[in-house]
Engineer: 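This is the structure I have questions about; it appears just below.
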Amino acid sequence: LMVFGTYRTAVQSFSGFDNTATEWAHRADIYANLQLSGTERFLLGIRPLDKNGRFTAYQFEPDAPGVDDTGWQDESNVEVTTFFFEGDFGEIFPNLDPEDRKHYDLGFSIGRQPLNYQAGMLINDSIDAIGITRNTLALNGVADFQMTFLYGWNDIHRGDNVKRSNQNLFGLFFALDRHKTTINVDFVYVDDRNGDTDGFFWGISDVRRVGHFNLSTRILGSHATEEESTAVGDGALLFGELSWTPAWSDNNVYINAFVGIDDFTSAARDPATGGALGRTGILFQAIGMGRYGAPLGNRANSSVGGAIGYQWFINPIKNQFIFELGGRQNTDSGNAGSLAAAMRYRHVLGQHTVVQVDAFAAIHETRNNTYGGRLEFRFEF
C-alpha cells in the first residue's frame with residue numbers, strides 16, 4: 001500500500017470580464033494505491049478541498065460572479081473522486097490458458113476513474129465506468145493495435161463542465177502504433193435519459209516525428225442528435241502542434257494552432273478543466289484551482305488562434321522559464337480578437353516542493369484589457 005498526493009496553495013489575482021478576483025486558493029489530491037500484483041491494483045483518490053469547480057479559498061476581492069463576501073469560502077468535503085480496480089483477465093485466471101495461446105489477455109478497469117482521450121480534448125473527466133482493452137492485435141504494417149470499449153453510467157460532466165443525472169456514455173477507442181506514427185481513432189456517444197442532450201463525438205489524431213520536429217495533428221467533431229445546448233453542440237475542432245529542440249540546447253520551441261468550427265463541445269469535462277483548448281499553451285490553460293481563468297479562454301466555439309512559446313531550461317532539473325505569445329480571433333458575427341503574452345517560472349526546492357510564478361497581459365478588441373499573476377507552492381508527498 002502506497003499513499004501519495006499533492007497539496008497546492010496559491011495567491012493569485014485575475015482581472016478580466018469587468019471583474020477582479022484576488023484570492024488565496026487551495027487544492028489537495030490524495031491517493032492510496034493498493035498494488036496486489038504486477039497487473040492488479042486498487043486506487044482510491046479524494047480531493048477534499050474542492051467540489052463542483054469551487055475551491056476552498058480566502059477571497060480578498062469578491063467582485064466576481066457567485067461571490068458575495070470576502071473571507072473564507074469553505075468547499076471541504078469527503079467525496080471520493082477516484083476509486084477503481086484494474087487488472088488483466090488472463091493473469092487473474094491463468095488456469096484458463098496455461099500455455100498462453102488464447103486471447104484471454106484482456107485488460108479491464110471498473111469504478112470511478114480518470115479518463116483522458118485525444119489529449120483531453122474529447123474526454124477529460126473522472127466518471128463511474130467499466131473499460132475493457134485488447135492489446136497487441138495483429139495487423140499488417142502495424143507494430144501494435146489496441147482497442148478499448150468503455151461504458152460510463154454516473155458522475156459524467158458534460159461539455160459545459162456541468163454534471164447531469166441519468167447519463168450513459170459509450171466509447172470505442174482505437175490506437176495504432178506504426179513505424180513512424182501513432183494514430184488514434186475514437187468514438188463516443190452520450191445518452192441523456194432525462195432530457196434531449198444526446199450527442200455523438202469523435203476524434204482522429206496522428207502523432208509523429210518528422211526529421212528533428214515533433215508533429216501532432218487532430219480533428220474532432222461533436223454532433224447533437226436531438227437539440228443543441230451548452231452540453232452538446234454541432235461543430236468541429238482542428239488542432240496542430242509542432243515542437244523542436246534548438247541545436248546545442250535542452251530547450252523547447254513550440255507552435256500550436258487551432259480552428260474551431262461552429263460549437264464544438266467535448267463529450268465529458270471535469271469542472272476544473274475548463275474547455276478543450278488547454279493544450280494550445282499557458283495562455284489557454286485552465287490552472288485547475290480557484291477563479292484564475294485562462295487568459296485567452298479555452299472554449300473552441302467559432303474561433304481561430306494559436307500560441308508560440310519558448311521553454312528555457314536554465315537547469316534541466318531545477319529551473320525553467322516559459323515565454324509565450326498567443327492570440328485568437330472569433331469567426332462569428334462578433335469578430336472579436338485578442339492578443340496576449342505570458343510568462344511562467346518554475347523552481348524546484350529540495351525533493352518535494354515546486355514554486356511556480358505566472359503572469360500575463362492581454363488586449364482585446366471589444367472589451368477591457370485583462371491581466372493577472374499568481375504565486376503557487378506545490379508540495380508532493
Side-chain angles (χ1 to χ4, degrees), residues 8-27 49-50 52-75 160-161 256 258 260 269-303 305-309 321-330 332 334-347 355-378:
R8 300 171 61 190
T9 181
V11 176
Q12 52 196 25
S13 181
F14 187 98
S15 177
F17 305 101
D18 299 323
N19 295 298
T20 298
T22 303
E23 62 187 355
W24 177 25
H26 306 268
R27 172 172 174 165
L49 298 180
D50 70 280
N52 296 326
R54 300 186 304 272
F55 291 80
T56 298
Y58 186 90
Q59 308 292 343
F60 297 99
E61 292 187 72
D63 186 16
V67 180
D68 298 324
D69 300 304
T70 56
W72 281 105
Q73 307 293 318
D74 184 12
E75 299 295 339
D160 54 2
N161 308 109
N256 303 330
F258 66 88
R269 300 202 67 80
D270 183 90
T273 64
L277 297 179
R279 281 186 66 90
T280 311
I282 58 177
L283 286 166
F284 297 83
Q285 184 182 68
I287 293 297
M289 181 172 64
R291 293 183 288 132
Y292 192 92
L296 289 178
N298 45 37
R299 298 291 173 181
N301 306 55
S302 300
S303 59
I308 178 171
F321 273 101
I322 297 178
F323 303 96
E324 183 175 293
L325 296 174
R328 67 181 297 162
Q329 178 75 41
N330 290 348
D332 58 12
N335 201 34
S338 302
L339 293 173
M343 178 276 295
R344 171 172 293 172
Y345 172 67
R346 279 185 175 177
H347 180 75
V355 181
Q356 179 173 308
V357 180
D358 292 280
F360 82 91
I363 56 176
H364 310 279
E365 283 185 337
T366 58
R367 55 187 174 90
N368 294 335
N369 298 335
T370 57
Y371 55 88
R374 60 192 306 274
L375 171 64
E376 176 182 336
F377 289 86
R378 182 179 307 210

Engineer: List in chain and number order the residues that pass side chain to side chain donor-acceptor pair (under 3.5 Å) with Trp24, two or more places apart in sequence or in another chain; answer none if no residue qualifies.
Structural biologist: Thr9

Engineer: Just so I know, are the side chains of Thr20 and Ser13 near enough to count as touching, which here means a heavy-atom distance under 4.5 Å?
Structural biologist: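 Of all side-chain heavy-atom pairs linking Ser13 with Thr20, at least one is under 4.5 Å.
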
Engineer: Is a donor on one side and an acceptor on the other found under 3.5 Å between the side chain of Gln356 and the backbone of Leu375?
Structural biologist: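 Not at all, since once roles are kept as given, no pair shorter than 3.5 Å links the two residues.
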
Engineer: Atom CG in Leu339, atom CG in Asn369: separation rounded to 0.5 Å?
Structural biologist: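 Between atom CG of Leu339 and atom CG of Asn369 there are 10.5 Å.
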
Engineer: Among side-chain atoms of Gln12 and Arg291, is any donor-acceptor pair under 3.5 angstrom?
Structural biologist: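 There is no such pair between these side chains.
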
Engineer: Any idea which heavy atoms bring Gly274 and Ala286 closest together, and the distance?
Structural biologist: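 Minimum heavy-atom contact is N-CB, 4.2 Å.
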
Engineer: Sub-3.5 Å donor-acceptor pair from the side chain of Glu365 to the main-chain atoms of Gln329, do we have one?
Structural biologist: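 No; judged by distance alone, with no hydrogens or angles, the pair does not exist.
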
Engineer: Short question: side chain of Glu324, backbone of Ile282 - any donor-acceptor pair under 3.5 Å?
Structural biologist: yes

Engineer: Keeping Thr22 on the side-chain end and Phe60 on the backbone end, is there a donor-acceptor pair under 3.5 Å?
Structural biologist: no

Engineer: Report the distance from atom CZ of Arg328 to atom CG of Leu277, rounding to the nearest 0.5 Å.
Structural biologist: 6.0 Å

Engineer: Do the ring centers of Phe360 and Phe14 come within less than 6.0 Å of each other?
Structural biologist: yes

Engineer: Just by modelled atom types, is the Gly288 backbone N or O under 3.5 Å from a matching donor or acceptor in the Arg27 side chain?
Structural biologist: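 Side chain of Arg27 to backbone of Gly288, a donor-acceptor pair under 3.5 Å: yes, one is there.
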
Engineer: Determine whether a donor-acceptor pair (N or O, by modelled atom type, separation under 3.5 Å) exists between the side chain of Ser338 and the backbone of His364.
Structural biologist: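 Answer holds: no.
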
Engineer: For Ser303 versus Phe258, what's the shortest heavy-atom pair and its separation?
Structural biologist: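 For Ser303 versus Phe258, the nearest heavy atoms are OG-CE1, 3.6 Å.
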
Engineer: Can you name the residues that form a side chain to side chain donor-acceptor pair (under 3.5 Å) with Asn161, not counting sequence neighbours?
Structural biologist: Arg299

Engineer: Once side chain to side chain donor-acceptor pair (under 3.5 Å) is applied, do any residues pair with Asn298, and if so which ones, sequence neighbours excluded?
Structural biologist: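 Result, side chain to side chain donor-acceptor pair (under 3.5 Å) vs Asn298: none returned.
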
Engineer: With rounding to the nearest 0.5 Å, note down the distance linking CZ in Phe321 to OH in Tyr345.
Structural biologist: 6.0 Å

Engineer: Is the CZ atom of Phe323 crowded by more than 12 outside heavy atoms at less than 6.0 Å?
Structural biologist: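 Buried by this count: over 12 neighbours within 6.0 Å.
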
Engineer: First locate atom CD of Glu376, then atom CZ of Arg344, and finally report the distance between them rounded to the nearest 0.5 Å.
Structural biologist: 8.5 Å

Engineer: Out of curiosity, Arg8 CZ to Asp50 CG, how far, rounded to the nearest 0.5 Å?
Structural biologist: 10.0 Å

Engineer: Which value, rounded to the nearest 0.5 Å, describes the distance between Ile322 atom CD1 and Leu283 atom CG?
Structural biologist: 10.5 Å

Engineer: Would you check if the side chain of Asp270 reaches a backbone N or O of Ala272 as a donor-acceptor pair within less than 3.5 Å?
Structural biologist: yes

